[in-house]
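Here the structure is laid out as structure tokens; the discussion comes afterwards.
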Amino acid sequence: MTTSRATIWVNEPVLDGNEERYLVECIRSGWISSEGSFVRRLEEGFAARVGRKHGIAVCNGSVAIDTAIAALGLGPGDEVILPSFTIISCAAAIVRSGAVPILVDCEPDTCNTTAERIAKQITPQTKAVLIVHIYGLPVDMDPVLILARRHGLKIIEDAAEMHGQTYKGRPCGSLGDISTFSFYPNKLVTTGEGGMVLTDDPTLAERCRALRNLCFQPGKRFVHEDLGWNFRLSNLQAAVGVAQLERLDEFTDRKRWIGAYYSERLADIVGLQLPVPRTAYAENVYWVFGIVLEDSVPFDAAEAMRRLMARGIDTRPFFWPMHEQPVFRKMGLFADESHPNSERLARRGFYLPSGLALTEAQMDRVVAAVREIMC
Ligand SMILES: Cc1ncc(COP(=O)(O)O)c(C=O)c1O
């Protein structure tokens, strides 16, 4: 582990529960592929935790979105609304399906989009909305669900960052027609690499299972009516996930404790916009502790991150907006679009070390370094 002057990494997971025991069990059983029983245990346990009927484990949170979009049958001619301020996986999945991504901006404080912004982009071609809950607070979902019902739109809920979080007491990931999670090591439940698609709809669930598994057909295994992918999660990965899931409540509490610890100690530093601790519908789970430099600060996030790295503090930039991605501009997408809040967050925002393994001494060092670079 880190000594007092060693670099404090942006994320270190906690793996000291049953992870090792279940991995050993898995190896001794010989069941290491996706056929093993830990995959089913993770699917059932995670679905139960999120309050959904079906969980389909996949090999990461990005392909979970591809799977959800393909299962809904979205494709050429369909418009799908999504936030510009998100990870590329969201827009990439829409573009790869042949559907048209339509971007909306986010709020400057919560980084989340709103029903009002979505409503302005609905056309007769709109078929779905890809909701992304960002950095620890959920999107205000009730107005989005009303809008979707009124216009007959499907909701894909990307809850990759929202393990353990709720919206008005309902679990994030239980709110859309289909939802997705990531199990990357910076998530509250990790499998190293991994993800899950969740739904209550048995037909959608069956379609996701087929798509994840190359659309092999029962009875006629190597005869294919459709094209799928190999997006399977291995039993080894699922074994780690089952152990992690056992501690989700503890991890959620710990994230909130980290958020409160930083918030209290950074509150008096001029020029910092700190995460919103709560909204009318949720307590921040502080998936990451993001800070935004106010306009009065004479340097940007990239410079702040450089200064912190020079002091042994590892950080990460905020998402870079989809409408400013060279790859999409080269495809002729989003030309001349502007989403000012997303643009500002990308340039002024970054996040501090936020992993579950952080100690008080490490956070004190982070706070001292932030104080130093802001002077
Ligand atoms: C909102 C969101 N969606 C999707 C993903 C992609 O997940 P993965 O890294 O497991 O592919 C992430 C990853 O952090 C994310 O934050």
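Whatever order the structure lists ligands and atoms in, that order sets their numbers, starting from 1.
At a 3.5 angstrom cut-off on N or O pairs, Ala160 does not count as close to ligand 1.
At the shortest separation from atom 9 (O) of ligand 1 among protein heavy atoms lies Ser182 OG, 4.0 Å. In this structure, atom 16 (O) of ligand 1 lies nearest to the protein heavy atom Glu161 OE2, 2.6 Å. Nearest non-hydrogen protein atom to atom 5 (C) of ligand 1 is Ile87 CG2, 3.8 Å.
Between Phe328 and His323, the ring centre distance reaches or exceeds 6.0 Å. Aromatic pair His224/Phe216: ring centres closer than 6.0 Å. Side-chain rings of Phe46 and Phe183 approach one another, their centers coming within less than 6.0 Å.
Proximity annotation for atom 4 (C) of ligand 1: of Thr191, Asp158, Thr86, Val132, Asp158 comes nearest, heavy atoms only.
Residue contact annotation: Lys187 has a non-hydrogen atom under 4.0 Å from ligand 1.
Within ligand 1, the atoms closer than 4.0 Å to a non-hydrogen atom of Asn60 are 10 (O), 11 (O), numbered from 1 in the order shown. Shown in contact with Gly61 at under 4.0 Å from a heavy atom are these atoms of ligand 1, numbered in order with element: 6 (C), 7 (O), 8 (P), 10 (O), 11 (O).
The shortest distance between side-chain heavy atoms of Thr126 and Ile81 falls below 4.5 Å.
In this structure, the side-chain contact (heavy atoms from CB on, under 4.5 Å) partners of Asn284, at least two apart in sequence or on a different chain, are Leu137, Pro275, Tyr286. Remark: Arg254 pairs with no residue by the side-chain hydrogen bond (donor to acceptor under 3.5 Å, both in side chains) rule, at least two apart or across chains.
At a heavy-atom cutoff of 4.0 Å, ligand 1 is contacted by both the backbone and the side chain of Ser62.
In this model, no donor atom of one side chain and acceptor atom of the other lie less than 3.5 Å apart for Ser342 and Ser84.
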